[in-house]
Engineer: 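Got a structure for you, questions after.
Chain identifiers are assigned alphabetically (A, B, ...) following the order of the sequence lines, protein sequences preceding nucleic acid strands; residue numbering begins at 1 within each chain.
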Amino acid sequence: MQYNDRDMDIKQVEKKWQQRWEKAKLNGFDHKSDAPKYYVLEMFSYPSGAKLHVGHWYNYGPADSFARYKRMQGYNVFQPMGFDAFGLPAENYAIKTGVHPKDSTEKNIATMENQLRAMGAMFDWSAEVKTCNEEYYKWTQWMFLQLFKKGLAYRKEAPVNWCPSCNTVLANEQVVDGRCERCSTEVVRKNLTQWFFKITEYAEELLTGLDDLDWPEKTKNMQKNWIGKSTGCEIEFATESGEKIRVYTTRCDTIFGVSYVVLAPEHPLALKLTTPEQQEAVKNYIEYAAKASEIERLSVTREKTGVFTGSYCINPLSGKHIPIYLADYVLASYGTGAVMAVPAHDERDFAFAKKYGLPIEKVIQKQGGETVLPYCEDGIVVNSLEFDGMVGEEARDAIATHISKLGKGGKKINYRLRDWLVSRQRYWGAPIPVIHCPKCGAVPVPEKDLPVRLPYDVEFRPDGKSPLAKHEKFMHTVCPVCGGEALRDPDTLDTFVCSSWYYLRYADPHNEKMPFDREEVDKLLPVDTYVGGAEHACMHLLYARFFTKALRDMGYLDFDEPFRRLVHQGVILGPDGNRMSKSHGNVVSPDDYINEYGADAFRLYLMFGFSYTEGGPWNDDGIKAIARFMDRTEKIVLKVDDYKVKREEPNGADEKALDYARNFAIDRVGKDMENFSFNTAIARIMELVNAIYKYDGLERKNVTLMKATVRDLVLLLAPCAPHFAEELFEQIGGRGFVFEQPYPKADPAALVLDEKEYAVQVNSKIVTKAVLSTSLTDAEVEEAVLKIPEVQAKVEGKTVRKCIVVKGRIVNLIAN
RNA sequence: GCGGGCGUGGCGGAAUGGCAGACGCGUUGGACUUAGAAUCCAAUGGGCAACCGUGCAGGUUCAAGCCCUGUCGCCCGCACCA
């Protein structure tokens, strides 16, 4: 138990400084300061289990070190924390155990608050928000009402994703491989009337806005992909009976190759176009398609199925009469729900045409090669009248123009992004503030009546209906418009609605009159650096951007993007390299390590042992090494502190070397912290400690320099090991808090060395090394290395054609 | 299928086109010790060597882990989006 023999009693030290920081209000944003603001935000916690897991520490610890670094740099740092407290797990837990979600959530939050405090992070608890509190969800409901007013919240019947296990609908974003994101149950489709947010209205801006964001490229790409912009053409095909079918295509250059048209089974014209003889077959098919599960539909290998409606339509360009089919390889929810099938130039259409014996007509030819059907690339248009000979984009432009001249359609942009379904048939969420009146329809709850309170005494055992629907007192109310009897909407809002604006509420968390004051928000927002998991790329991070833009357009904000810079932490795996899980039996509990080594050691290990954005497997030995490093640091700091300054102190090469090490560390650690390159930052601090040890081994020492170096060491370490550094700072006679000290600045002069070791190469092979003055010109360097015997031996009898000098690093003589 | 990322010692991981392997773990040797799993010091990519080494094969360059082309493997996201 050698680590507990340290001079410091870790737990006592941690407690002491946490109390002092709190008392001095060191952790909060200083509303009076005129220093530039810096908003560091970590994604808030879901109060699930009772304790923080390694993932929490990995997210919050290093991010806090970044925040503390920013503070020492002179920024007025705002780093709030709160709880995303509504949601399914609490409700499922309640169903299992009978403990009410409110009770379990509150208990979990209390525990987590204590643990977050024990982490020693610089959270501004005065700004804490909990989304399940009335004071918060009142404004979540208010948000809904504003979106409704603006026409961005609407209700419609639509096929939706239903999770039979969670007994609720899910957003598209919450369906992963046809399964519920939470419980992995296969999702089924249901037709339900639900509330949607019109995020598609912002599709284009959500896409273009990405360009200016300092976000991981991968995340931007995921959002781009999710938004899925596609430029194509809408074309109208008239049926023989006079109906009009609009299809969407990105390949209007293939229009002369259309051999049939396909509607999604859910297409509104499907039954109308069906001839009497085909009625039965079509009805059967529609039923079959409706029953097919998401998993089946998603399967790429699944054979295409479909049915002929009996009707025909006319190709607006060629005038050909072609059959109309239904097939579930066409999606009702994308484009127009209908496509023109070109078997020769589309793999799906090709497969379908083969199966149903439909014609395959080549209208595109490969340039300079044999055309193998289906040929899906761009090529030369053939068999297409006046468009023959055109290629790719040129052909599409000409044909689209022609189609719009005919009044039969034209260019069209489509997005894959769908509107965000926000209704949930669950209890533990913010009630949707809408009243359904038999006379007036869906009426928004007047703002003055907010919040619509979530009742406590609710039967939340699931039966496929909203639990609130069974609460008579909640449900029955009067219509705000006509005063007649009416019912409340029994659904609650998706919890992602709550988390779409919490970063704004932090700026003004106790406002009772509005969700936030514009002035307060302007002071703090946008978030300068946002840190959280990558799994939110197409959910929370997209929704929050949508909210920001919508609020801007409603005049509540004047910035376009909520999060300027985004950093994803990696995932800490179990020691076996697998994701930590109870079933793997590889869960590492922070608590044991915190007890033995302390919060700082734990945080340091998390920073040092992994590349922050990569994560990786946990390793027990790593934390021991950190404890050793801290011991080593403490010893040398205290030892140097005991030294007495002498009248005459040496000032030669050794001192220059120590000062170089000191300034090098300052320079590099700062840059590394800025870049979230914590592992290298700690490595540079370790090097500095090693350099001090080395210098300390000398006979004659410059104590003044050593003391200054040790002081800088403590300051560099402070953001990463906050309690430990405070304690050391106090012991070496520091005044006030270490976090009130400015971050050390490197002395550029000390970083310039008189001499550097060059690798001396002849014909790009290293021959020897040479220590040369850094003041030499390139020609002088060449001259100097040519005097070296080993070099002479290599160039003997040859002519030096060229000499490349990379200052301070390499000399390369090219000789032959 | 599409998009993105990653392949470096025994291990975690470093390297603005410029001495590959920083820092740490582990290992080995030494010191101090009755003792050491503590601490300190030293060595540590492979090979006796010439040399060889960043998944593999090419290319560009005075110089390539880094840039280019191809290829293999792994991971992540999307996926019948017309």
Engineer: Please report the distance separating the P of B:A63 from the corresponding atom of B:G18, rounded so that it comes out in whole Å.
Structural biologist: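 Their P atoms lie roughly 14 Å apart.
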Engineer: Hey, what are the protein-to-nucleotides 57-59 of chain B N/O distances that come in under 3.5 Å?
Structural biologist:
none

Engineer: At 4.0 Å (heavy atoms only), tell me whether A:Lys224 reaches a base, stays on the sugar-phosphate, or touches nothing.
Structural biologist: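 Here A:Lys224 touches no strand at all.
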Engineer: How far does the C1' atom of B:G9 sit from the matching atom of B:A20, given to the nearest Å?
Structural biologist: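 Per the computed distance, 11 Å lies between those C1' atoms.
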Engineer: Is B:G45 in the syn or the anti form, by the rule that syn lies within 90° of 0?
Structural biologist: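 It is anti.
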Engineer: With a 4.0 Å limit, can you tell me whether A:Tyr334 has a side-chain N or O closer than that to the phosphate oxygens OP1/OP2 of B:A82?
Structural biologist: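 True: A:Tyr334 side-chain N/O within range (under 4.0 Å) of B:A82 OP1/OP2.
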Engineer: Counting side-chain heavy atoms from CB outward, which of B:A82, B:G18, B:C78 is closest to A:Arg809?
Structural biologist: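 Taking heavy atoms from C-beta onward, the closest nucleotide is B:G18.
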Engineer: Between the side chains of A:Tyr695 and A:Thr709, does any donor sit under 3.5 Å from an acceptor?
Structural biologist: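 No, because no side-chain N or O of A:Tyr695 sits under 3.5 Å from a partner of the opposite role on A:Thr709.
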Engineer: Taking any heavy-atom pair under 4.0 Å as a contact, classify A:Asn221: base, sugar-phosphate, or nothing.
Structural biologist: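 Counting heavy atoms under 4.0 Å across all strands, the contact made by A:Asn221 is with sugar-phosphate only.
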Engineer: Between A:Asn679 and A:Tyr693, who's closer to the 5' end of RNA chain B by nearest nucleotide?
Structural biologist: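 The 5'-side residue here is A:Asn679.
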Engineer: If only side-chain N and O atoms of A:Arg684 are considered, is one of them under 4.0 Å from the OP1 or OP2 phosphate oxygen of B:A14?
Structural biologist: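 Negative; the distance criterion is not met.
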Engineer: Give the dot-bracket string for RNA chain B, reading 5' to 3', where a pair is Watson-Crick or G-U wobble with both distances under 3.5 Å, ( ) marks pairs inside the strand, [ ] marks pairs crossing earlier ones, | marks a partner on another strand, and . marks unpaired.
Structural biologist: (((((((..(((.....[....)))((((((.......))))))((....))..(((((..]....))))))))))))....
Engineer: Taking the nucleotide of RNA chain B with the nearest heavy atom to each, does A:Asn619 or A:Ala759 sit closer to the 5' end?
Structural biologist: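 Result: A:Ala759.
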